[in-house]
Amino acid sequence: MDHAAEAQRTDLMTITRHVLNEQGRHPESRGDFTILLSHIVLGCKFVASAVNKAGLAKLIGLAGDTNGEEQKKLDVLSNEVFVKALVSSGRTCVLVSEENEEAIIVDAPLRGKYCVCFDPLDGSSNIDCGVSIGTIFGIYMIKDKDNVTLDDVLQPGTDMLAAGYCMYGSSCTLVLSTGNGVNGFTLDPSLGEFILTHPNIKIPNRGKIYSVNEGNAKNWDAPTAKFVEKCKFPQDGSPSKSLRYIGSMVADVHRTLLYGGIFLYPADQKSPNGKLRVLYEVFPMSFLMEQAGGQAFTGKQRALELVPRKIHDRSPIFLGSYDDVEDIKALYASESIIG
């Protein structure tokens, strides 16, 4: 079958068609959300292309700027791509990026009613060795687009309208939830379209994998240490869990979502507030996990109920299969750490 015929097949569900179907469930909608998502998808396609050509285009290496970490050239490019794509959509009024210290307030003529929080290139320390990296995003509604304040941005994750990530790896995969389950789309390079390949993703209730940086073990609190010990040396006769840790959040969470298990980035003595950022890492991934039937927990509370105080706030996070997260919650409860 040639490409033209393939493109006309009616059973191919593109991400555009999927989002339009979702829009149909909201008769009051005017298409703004659909337009915004189409611009995010365009940004993902652009970055996917840049990532694929990174070595050839000499994009690999340091850009010289720092934001507390070494910034790679691809980080800078990806950030510019998403800022431009989101502003030009005419549907955003404020943007929060991992690469910008301050929130970006969109100029009045181009303002819409949405706030997008995003990490343009998560896992960028892995660029040079070809490990999967990705973009993470979360979308909120802003009450008054003409009088935007930082308080409008610092909403709990329960207010999030949609979240997703795009993973640039052996294939380019975009995982999205608009609050009605989780769906995965894979970029077909011959069509230039994201096609639905993982409909209605449901995480298993329990998994065989745990994912954590064990190099930090000496700094862990007791519940985390006990949990990992149980993963390795279960006392109930069940088989040990396998350790899988890539160090790229998008890749680790993607595997957890599909295969089950648990992803941990706990607080420790070195990072007492955890390391992952609330608005554009913890919240979107927690939203996706809950929508897929899993859980997300901070060590003290449901992750989505956190209320960030600053745009780059950090939090510990335990997310994944429902029963696995229940186990870590029980350990924290028994330590009387939960208030």
Side-chain angles (χ1 to χ4, degrees), residues 14-16 18-19 35-65 67 69-89 91-92 95-100 104 106 114 116-139 162-177 183-195 197-198 246-254 277 279-281 284-285 288:
T14 66
I15 194 165
T16 308
H18 170 79
V19 171
I35 290 167
L36 173 60
L37 276 173
S38 72
H39 280 252
I40 291 173
V41 167
L42 181 63
C44 291
K45 288 178 184 175
F46 193 105
V47 173
S49 174
V51 168
N52 287 338
K53 293 186 292 195
L56 295 171
K58 297 187 179 176
L59 290 168
I60 289 173
L62 301 183
D65 240 5
N67 57 346
E69 299 165 5
E70 290 182 328
Q71 256 190 343
K72 301 275 183 166
K73 287 181 182 177
L74 266 177
D75 291 19
V76 179
L77 175 71
S78 303
N79 192 47
E80 288 175 0
V81 164
F82 279 101
V83 169
K84 285 177 181 172
L86 292 165
V87 170
S88 67
S89 74
R91 301 302 184 274
T92 59
L95 310 176
V96 174
S97 168
E98 194 260 352
E99 297 291 334
N100 295 96
I104 299 167
V106 178
Y114 295 107
V116 182
C117 304
F118 60 99
D119 185 345
L121 207 60
D122 178 74
S124 53
S125 62
N126 289 312
I127 291 170
D128 290 356
C129 62
V131 168
S132 294
I133 50 183
T135 299
I136 310 171
F137 61 90
I139 302 171
Y165 59 80
C166 189
M167 185 174 70
Y168 315 110
S170 53
S171 61
C172 179
T173 304
L174 196 154
V175 174
L176 174 71
S177 176
N183 290 282
F185 304 82
T186 303
L187 184 63
D188 182 335
S190 65
L191 299 176
E193 281 281 7
F194 280 100
I195 305 297
T197 50
H198 297 76
I246 299 165
S248 172
M249 189 189 190
V250 168
D252 279 313
V253 169
H254 186 65
R277 274 59 162 238
L279 280 175
Y280 42 81
E281 290 175 324
M285 295 309 202
L288 290 166

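Keep in mind it's a predicted model, so treat the numbers as computed, not measured.
Atoms SG and CZ, from C117 and R277 in turn, are 13.0 Å apart once rounded to the nearest 0.5 Å. The CG atom of L174 lies 5.0 Å from the SG atom of C44; values are rounded to the nearest 0.5 Å. Here the CG atom belonging to L86 is positioned 6.5 Å from the CG atom belonging to L36, to the nearest 0.5 angstrom. From E193, atom CD reaches atom CG of D188 across 9.0 Å, with rounding to the nearest 0.5 Å. Note that CE of M285 is 9.0 Å distant from CG of D119, once rounded to the nearest 0.5 Å. Remark: K45 NZ to I15 CD1 distance equals 9.0 Å, nearest 0.5 Å.
The two residues G123 and I133 make their nearest non-hydrogen contact at O-CG2, 3.0 Å. A163 approaches L288 most closely through the heavy-atom pair O-CD2, 3.6 Å. L187 and G192 get closest at one heavy-atom pair: CD1-C, 4.0 Å. Among all heavy-atom pairs drawn from C166 and V250, the shortest one is O-CG1, 4.3 Å.
S88 places a side-chain N or O within 3.5 Å of a backbone atom of K84 that can act as its donor or acceptor partner. With hydrogens and angles ignored, the 3.5 Å screen pairs a side-chain donor or acceptor of D122 with a backbone N or O of M249. In this structure, the side chain of D252 engages the main chain of G247 through a donor-acceptor pair within 3.5 Å. The backbone N or O of A48 sits less than 3.5 Å from a side-chain atom of N52, completing a donor-acceptor pair. Judged by distance alone, the side chain of S248 and the main-chain N or O of S132 form a donor-acceptor pair under 3.5 Å. Remark: the backbone N or O of A85 is paired with a side-chain donor or acceptor of H39 at under 3.5 angstrom.
Two residues are said to be in side-chain contact when any heavy atoms from C-beta on lie closer than 4.5 Å; N183 and L176 fail this criterion. Residues Y280 and I136 are not in side-chain contact: their nearest non-hydrogen atoms beyond the backbone lie 4.5 Å or more apart. Counting heavy atoms from C-beta outward, I40 and I139 have side chains that approach closer than 4.5 Å.
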May I have the step-by-step check of side chain to side chain donor-acceptor pair (under 3.5 Å) for S89 and Y114, ending in yes or no? CA-CA 11 Å; S89 74; Y114 295 107; over 6 Å; no
For F194 and C172, run side-chain contact (heavy atoms from CB on, under 4.5 Å): C-alpha distance rounded to whole Å, both residues' side-chain angles, the deciding distance at 0.1 Å, then the answer. CA-CA 9 Å; F194 280 100; C172 179; 3.8 Å; yes
From CA spacing to verdict: side-chain contact (heavy atoms from CB on, under 4.5 Å), E99, V76: CA-CA 8 Å; E99 297 291 334; V76 179; 5.6 Å; no
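Side-chain atoms of Y168 and T135 include a donor-acceptor pair closer than 3.5 Å.
Between F118 and F82, the ring planes lie tilted relative to each other; the angle falls in the 30° to 60° range.
Taking the six-membered ring for Trp and the full ring otherwise, the centers of H18 and F185 sit less than 6.0 Å from each other.
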